[in-house]
Structure formats: structure tokens, C-alpha cells
Participant: 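Starting off with a structure, shown below.
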Amino acid sequence: PVLRMPTGAGKTRLAVEIIRSALRKDKKIAFIVDRLQLVQQSCDALDEAGLDHGVIQGNHERRNHSKPVQVVSAQTLAKRQWWEFNLAIVDECHVTRQIHKDIMTAWNALPFVGLTATPWARGMGNLWDDLIVPVEMGELIEQGFLVDADVFSPSKANMKGVKLIGGDYHQAEAEQRMRLVGDIPHHWYRLARGKRTLLMAMSVDHSKAMVEQFAAAGVPARHIDAYTPSEQRQRDIAAFRSGEVLVLSSVGVLTTGFDAPEAECLILARPTKSRILHVQMVGRVLRPAAHIEKQRAVVLDHAGNFERLGWHTDPMPDELDDGVNELAKRVNEPAVEKLPRACNACGTLVMPGVYECPMCGGTVKRKPIVKVVRGELEKMAKRHGLPASAIHNKLDSHAQKMAFFAGLRYHAHMKGYKEGWAAHAYKKHYGDWPHSSLYAAPKEKPQPHVLSFIRSLQIARAHSHYR
């Protein structure tokens, strides 16, 4: 069977109890993981539980086939003679490799238990015989085991026309579209300033470019990827958890097997058509953290994933895809009328059936049923990355607005722009013309977040020419 257990449901603890139960019956257990970095994480969990074990992965220092419990790398298992076992627990079982199929076919009389939060991969029903759902993510949020999230859909990439490969966006084309969204640091500063933030990027180059943008704005940020040395990665993660680093950007390595409850904000700069990846990414910021008084998470969806794939708490099918019922297709292409919509004023995403924005009180327009077509939600929120946000007015004091306007006036003066440029830029940011009292402050050099906003204007202008 497959156990569908969302983030925070205690998947590791359940695996430990299954192993303990099997050991009492003198069984040999293989705990199979998909990624090399999950080997150490699994070892740590078993050590904490007091379960002695060996490791089958390359020339691992804990290699010892005499142990009744083995943490097994799927990649290594594909290259070696199989170790005899009586029970196999397959972590992240939605990732189906040929070696999984070979083992389950050859040892079909033995029990296999699959663990995953996202059992929606195509063809899983042909390999696994049942799906057990002990708890839903929404229940965990209601019971306080996870925090809920405020999701904002500010400026985002226009993915129309991007090629698909294997059911998801072509990486190079998607990266190019994401690079045209130049106000990501600016929106972070306005909506999640000071919060420890995970950034999901399209590629290594894209991730490093985003880190450079945050660093230029004075925000401590780091990049990690699959090739970052293990010791350096651990140092960067430790710096992030301590608050020394505020933005941790990556490609792939933070989507699964990464737990940092201190993460309060998620920046989605990686468009996807995969609900599996979507839910995995969002789950990274939903763990509670009482020591920092984390009440809710913030998600800045510059990729448009929520409007494409729906809410992370949406009810999901309680069956596996068998290649005939097209479950995987239905999961990745939810009905349009069930998708969240963005507030026209501030960009906050709200659930279907809600027509007043809980953040700014603005109206979320109903969409005529007969004219609902996939893609209009993207058009509805298309503001070239320059929303006239009521939230900015709500968050900023008069002094902050005065300093912001003074920076715009200084920039206009230095660039030789017309006098009205600063006022128009201010209106694009705040949604209102600057009050006459704001002219009382002398022009001053723009602060980093003002410069970031100015760069977003320039990139948005290039974006409009591109389209």
C-alpha cells in the first residue's frame, strides 16, 4: 500500500514504528530513499529513534550488511546485487524508478509500504495496490500541526506559449520568462521584510542571479544546489535557521527532505504544471515554529502556480493513477471554477466563493461561468509587476512614504527626468498620488528597496516590449 502523509503528519515517526514492529518479528527491513541527501537524513532519524542500521550507498562509512535494518539508496541498489529483506519501505514513492519496478516484480510476495505526500504520479496504480489517507493537510492546519499561509500573486511570468517537456515547462524558456520578473526583491521587502525566506528558482544561474539581486538590496542571501559541498550546504542552512541569512535560494534540493520550521516565507520563482512539485514546495514553509512565534506563512507566487494548480489544501482523489482513469491529468489540471483568484487591488489570492479580500477589503470580481477559460486568471492579474497595492498603504507609515517619494525625486533629478515622473512612479507603487505634505522632505539618495522598485519599472518596461 501507499500511505499519503502530508508535511507534518509524522511520516518518519510512522516509518520508525513500522520498523520496530518488524524487528520484533525478526524481520530484515530495507528503507529505500530516492535521493542521496535523504540517506543521511534517514540515518539521523533512525539514530534518534535508537535503531541500529547499516547503509547501502556507494562506499558509505556505515556499510554493514549484517544489520537487520538498511538505509538503501535506490541509485546504488540499481547497480548491485540485491540485499535480502522481508519488508521494504519506499520513501517518496511517487518517484518511480526502473529499479523499484524490478524489485517489486521479483519480490512480489513480500510487503512493500510506500510513503509520500503526493501520490499522483502517472501509473502508480500499476505498481501499488492501495492508497491509505490517514489525514489531510487541511486537518493538520486546523489542529495546529501546520500553519496556514497568506498567498500573494504579485507580478508573475507570462507562461503562455512556453513549450512542455514531460508534462512540465521547458526549463530554458521558463527561466527566460522568470528573468523578466524584476521586482521579486521589491515585493519581498513590502510583504515579507525580515522573514526567513526560501526561494525556488528555475536553474542554478537563475538562483544565483536572484541571490545577487537580494544582496544588492542589502539582504543577506545564499544559493545552494546539488553540487554545493555537503559541509558548505550545512553551514548555509544553519546560517539560515539562525537568521544570519534571510534568503536561501535553490534549485531542487529544498523541495523534498528539507525541514526548517524557521522558514516563514516562500518565493515561487519556478513555474510548474506539476501539482506534486507545487505541493512539495509550499509544504516547506508550513511547519510551525513556536520559538520564533510563527503564526502563518507568506507565499509570494511570482510563478502563477496557485492560479494554475489550485490551493495546497484542496481535496484530492483517494485513488492511484492506473493510466486509464487519467487521475494524474485531473490532479495537474484542476477545474477552473475551483482555482483561487487574485484580488485586483493587492494581489492576495483568495479561495473560490470569497468576493471580499481579507487583506485589504478590496473586491474580488466574480467571473462569468460561460466565459471562464484557462488563462484568463493570468490576464486578470497582469500588471507588468507594478500593482497599485492597498497593502503598501496599509503597511507603510507617513514617514516611510515620505522617504520613498524623496528617493524617487532624487533619482528623477539625477537622471534628468521630468518633474512628474516621481509622482507617477509613486502612484504605481501606492495606488494614490503623493500627498502634498510629501514634497516637504528634501530629495535624498534612494534606499535599497526604492532602487529595487525602480529596477522593476525598468524591467517591466522591457517586459512589455518583449510581449
Side-chain angles (χ1 to χ4, degrees), residues 7 12 31-48 53-64 70-80 91-92 95 97 99 171-172 175 178-179 184-185 188 195-270 277 280-281 283-285 287 289:
T7 298
T12 302
F31 189 82
I32 303 173
V33 299
D34 172 61
R35 296 189 178 194
L36 296 180
Q37 58 261 37
L38 295 182
V39 170
Q40 187 57 50
Q41 180 176 313
S42 301
C43 289
D44 292 342
L46 294 177
D47 285 339
E48 185 177 348
H53 61 280
V55 174
I56 301 177
Q57 184 258 309
N59 294 316
H60 199 280
E61 59 184 8
R62 298 184 71 160
R63 181 180 178 181
N64 186 340
Q70 297 287 329
V71 175
V72 185
S73 160
Q75 292 89 339
T76 300
L77 200 59
K79 302 174 184 177
R80 294 186 182 176
D91 194 25
E92 304 294 348
V95 181
R97 298 180 181 274
I99 186 60
Q171 179 175 316
E175 180 182 349
M178 283 308 308
R179 283 179 179 272
I184 289 177
W188 177 87
K195 294 184 182 295
R196 275 167 272 196
T197 300
L198 300 178
L199 190 155
M200 305 299 180
M202 279 300 304
S203 69
V204 171
D205 287 343
H206 181 218
S207 177
K208 290 180 177 178
M210 293 308 307
V211 166
E212 289 176 359
Q213 286 190 29
F214 275 100
V219 179
R222 301 271 177 84
H223 158 85
I224 61 175
D225 57 49
Y227 300 101
T228 303
S230 178
E231 292 184 0
Q232 180 63 49
R233 181 187 302 180
Q234 294 306 315
R235 285 196 297 270
D236 289 342
I237 291 175
F240 174 77
R241 297 191 66 173
S242 70
E244 178 185 346
V245 169
L246 287 182
V247 177
L248 189 63
S249 181
S250 81
V251 184
V253 299
L254 300 180
T255 55
T256 58
F258 172 80
D259 294 329
E262 295 83 0
E264 301 171 88
C265 174
L266 173 69
I267 295 177
L268 293 174
R270 178 178 181 174
L277 180 58
Q280 287 175 337
M281 291 191 292
R284 296 311 96 198
V285 294
R287 291 184 181 274

Participant: What is the minimum heavy-atom distance between V39 and S73, and which atoms define it?
Facilitator: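 The answer is CG2-CB, 4.3 Å.
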
Participant: With side chains defined as the heavy atoms from C-beta onward, is the minimum distance between R62 and D47 less than 4.5 Å?
Facilitator: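 Yes, close enough: below the 4.5 Å cut-off.
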
Participant: Between L246 and F214, is a side chain to side chain contact (heavy atoms under 4.5 Å, CB included) present by the stated rule, with each step listed?
Facilitator: CA-CA 10 Å; L246 287 182; F214 275 100; over 6 Å; no

Participant: For residues A226 and V253, report the shortest heavy-atom separation together with the two atoms involved.
Facilitator: N-CG1, 3.5 Å

Participant: When you measure from the side chain of Q70 to the backbone N and O of N64, does any donor-acceptor pair fall under 3.5 Å?
Facilitator: yes

Participant: Rounded to the nearest 0.5 Å, how far apart are CE of M281 and CD1 of I267?
Facilitator: 13.0 Å

Participant: I'd like to know if the side chain of R270 and the backbone of L199 have a donor-acceptor N/O pair within less than 3.5 Å.
Facilitator: no

Participant: To the nearest 0.5 angstrom, please state how far the NE2 atom of H223 sits from the CG atom of D205.
Facilitator: 8.5 Å

Participant: As an exercise, state the distance from NZ of K208 to CD1 of I224, rounded to the nearest 0.5 Å.
Facilitator: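 Between atom NZ of K208 and atom CD1 of I224 there are 12.5 Å.
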
Participant: Could you check if a side-chain atom of D225 sits within less than 4.5 angstrom of a side-chain atom of R233, using non-hydrogen atoms only?
Facilitator: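 No, every pair of side-chain atoms sits at 4.5 Å or beyond.
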
Participant: Looking only at heavy atoms, which two atoms of S42 and V33 are closest? And how far apart?
Facilitator: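 Residues S42 and V33, closest heavy atoms: OG-CG1, 3.4 Å.
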
Participant: Compare every heavy atom of H206 with every heavy atom of A201, then report the nearest pair and how far apart it is.
Facilitator: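 What the structure gives for the nearest pair is CB-ND1, 3.6 Å.
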
Participant: Could you check whether any side-chain N or O of R196 sits under 3.5 Å from a backbone N or O of R241, counting only pairs where one atom can act as donor and the other as acceptor?
Facilitator: yes

Participant: Would you compute the distance between atom CG of L38 and atom CD of E92 and round it to the nearest 0.5 angstrom?
Facilitator: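 These two atoms lie 6.5 Å from each other.
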
Participant: Atom CD of Q232 and atom CD1 of I237: how far apart are they, to the nearest 0.5 Å?
Facilitator: 10.5 Å

Participant: Between C43 and V55, which heavy-atom pair has the shortest distance, and what is it?
Facilitator: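 Shortest heavy-atom contact: SG-CG2, 3.4 Å.
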
Participant: Output the distance between atom CE (M200) and atom OG (S250), rounded to the nearest 0.5 Å.
Facilitator: 5.0 Å

Participant: Of all heavy-atom pairs between S249 and V211, which one has the smallest distance, and what is that distance?
Facilitator: CB-CG2, 3.7 Å

Participant: Between R222 and R235, is the side chain to side chain contact (heavy atoms under 4.5 Å, CB included) condition met? List the steps.
Facilitator: CA-CA 11 Å; R222 301 271 177 84; R235 285 196 297 270; 5.9 Å; no

